[in-house]
Amino acid sequence: MVNEAMRQVWAETAPSWVEHEQVFDRVGSAAADAILAVAGIGPGDSVLDVGCGTGALLAAAIDAGASATGVDISAAMTEAAAARVPAADVLFADAQTEDLASLSTAPFDRVVSRHGVMFFDDPVGAFANIRRACSDGARLAFVCWRTLAENPTFTLGAPVLMARMPELPPMPPPGAPGPMSLAEPERVRGVLGDSGWADVTVEPLDYEFVYGAEGDDGVDERVTMLLGTPMGQAMASTLEPALGPDGWAALLDELRAEVRKHVVDGHVRHPAACWLVTASSGSRA
Ligand SMILES: C[S@@+](CC[C@H](N)C(=O)[O-])C[C@H]1O[C@@H](n2cnc3c(N)ncnc32)[C@H](O)[C@@H]1O
């Protein structure tokens with residue numbers, strides 16, 4: 001089935017994401033702000049959020065006086081988004097294959113996504129499908145990751161676990177569906193151009209992940225976040241039974257000590273390196 005691997009990944013990862021929604025929203029708030037600043041959502045707009053997760057951008061669209069539709073391939077995410085933003089329409093579907101143009105809330109004037117558009121088997125087909133559901137001159141605004149090397153959110157603390165793994169999974173080839181599939185700006189431009197989007201801009205967006213609320217250094221939050229990623233979950237499911245309760249607890253202490261090295265001014269911090277991408281649906285006549 002189309003997008004089956006990523007559907008599986010999100011089925012396994014979404015429950016942890018939903019549980020820690022507030023953490024993901026806090027560390028990702030700068031990305032949401034950047035998207036909203038360029039999307040220009042206003043009263044009366046119909047907004048589509050692709051890979052809406054638990055609905056942070058849906059809530060912002062409703063607050064701006066727009067109508068909002070979220071689409072996500074994970075049932076747990078869509079349930080959480082629908083509960084959080086009852087005024088939004090939330091669809092449990094694959095944005096690549098679902099006939100979005102036939103939705104009662106189409107055509108869309110604004111399409112937004114925070115890290116939700118990198119998981120398609122067929123990115124050109126997916127972005128063409130999304131564009132077909134837009135009004136003429138609709139604006140697309142999304143944030144995606146730059147390279148793995150620039151984004152410690154995927155790696156900070158991970159070597160402590162990796163060192164104990166009997167074998168590591170192979171790295172996905174460049175461009176494969178996954179968080180870094182749009183890391184190359186030329187690929188972003190190529191995919192959007194080939195799917196009919198016009199006036200594409202790809203600008204760097206740099207901000208900082210800051211873990212921990214007031215009075216909390218964020219060490220446990222970072223550890224939880226790492227263990228909630230697909231890679232973290234896979235390593236925990238191998239190591240926890242292999243090490244037993246005491247060994248696993250000792251490894252977590254080691255992991256916390258490693259993460260604690262990244263406390264600056266009272267909180268664990270690291271840079272986040274993204275692309276802020278905009279485009280126009282142009283005239284579809
Ligand atoms: C990194 S999360 C971001 C969630 C949300 N946008 C946020 O910022 O909190 C990526 C989301 O994209 C969704 N997703 C992945 N592939 C998808 C697809 N083909 N169609 C719709 N949603 C998809 C996942 O289920 C997940 O909720």
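Note: hydrogens, waters and symmetry copies are ignored here, and every other heavy atom, side chains too, is used. All residue numbers refer to positions in the sequence shown, counting from 1. Indexing begins at 1, ligand by ligand and atom by atom, following the structure's order.
- Nearest non-hydrogen protein atom to atom 3 (C) of ligand 1 is Arg114 O, 3.5 Å.
- Of the protein's non-hydrogen atoms, the one nearest atom 23 (C) of ligand 1 is Ile73 CG2, 3.6 Å.
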* Report the C-alpha separation of Leu239 and Leu161 in whole Å, then their side-chain angles, then the decisive distance to 0.1 Å, and conclude whether the side chain to side chain contact (heavy atoms under 4.5 Å, CB included) test is met. => CA-CA 8 Å; Leu239 294 172; Leu161 304 178; 4.1 Å; yes
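- At distances below 3.5 Å, not a single donor-acceptor pair connects side-chain atoms of Arg146 with backbone N or O atoms of Ala273.
- Protein heavy atom nearest atom 10 (C) of ligand 1, with residue, atom name and distance: His115 O, 3.3 Å.
- Ring centroids of Phe154 and Trp145 are separated by less than 6.0 Å, placing the two rings close together.
- With hydrogens left out, the protein atom closest to atom 13 (C) of ligand 1 is Asp72 OD2, 3.4 Å, a heavy atom.
- In this structure, Ala93 is part of the shell of residues with a heavy atom less than 4.0 angstrom from ligand 1.
- Considering all non-hydrogen atoms of both residues, Asp72 and Gly51 come closest at OD2-C, 3.2 Å.
- When atom types are taken as modelled, the side chain of Asp216 and the backbone of Gly218 share a donor-acceptor pair closer than 3.5 angstrom.
- A donor-acceptor pair under 3.5 Å is absent between the side-chain atoms of Arg7 and the main chain of Ser74, judged by distance alone.
- Among protein heavy atoms, atom 2 (S) of ligand 1 sits closest to Trp10 CH2, 3.4 Å.
- At least one N or O atom of Ala95 sits closer than 3.5 Å to an N or O atom of ligand 1.
- When non-hydrogen atoms are compared, ligand 1 lies under 4.0 Å from the side chain of Trp17 (C-beta onward) but not from its backbone.
- Contact annotation for Ala32 and ligand 1: no heavy atom of the residue comes within less than 4.0 Å of the ligand.
- Aromatic ring centres of Tyr211 and His270: separated by under 6.0 Å.
- For atom 16 (N) of ligand 1, the nearest protein heavy atom (residue, atom name, distance) is Phe119 CB, 3.5 Å.
- For ligand 1, the atoms sitting less than 4.0 Å from at least one non-hydrogen atom of Asn3 are 19 (N), numbered in the order shown with element in parentheses.
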| task | For salt bridge (Lys or Arg N to Asp or Glu O under 4.0 Å), just list the numbers for Arg26 and Glu221, CA-CA rounded to whole Å, side-chain angles, deciding distance to a tenth of an Å, and then say yes or no. | result | CA-CA 11 Å; Arg26 178 154 41 73; Glu221 208 168 75; 2.7 Å; yes
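- Not a single heavy atom of Phe24 sits closer than 4.0 Å to an atom of ligand 1.
- Of the options Gly53, Gly51, Gly116, the smallest heavy-atom separation from atom 6 (N) of ligand 1 is shown by Gly51.
- Using modelled atom types, one side-chain atom of Arg110 and one backbone atom of Gly40 make a donor-acceptor pair closer than 3.5 Å.
- The ring of Phe24 has its center closer than 6.0 angstrom to the ring center of Trp17.
- In this structure, the side chain of Asp89 does not engage the main chain of Thr69 through any donor-acceptor pair within 3.5 Å.
- When non-hydrogen atoms are compared, ligand 1 lies under 4.0 Å from the backbone of Cys52 (N, CA, C, O) but not from its side chain.
- Taking a cut-off of under 4.0 Å to the non-hydrogen atoms of Phe120, the atoms of ligand 1 that pass are 18 (C), 19 (N).
- Taking a cut-off of under 4.0 Å to the non-hydrogen atoms of Ser74, the atoms of ligand 1 that pass are 25 (O).
- For atom 19 (N) of ligand 1, the closest non-hydrogen atom of the protein is Asp94 OD1, 2.9 Å.
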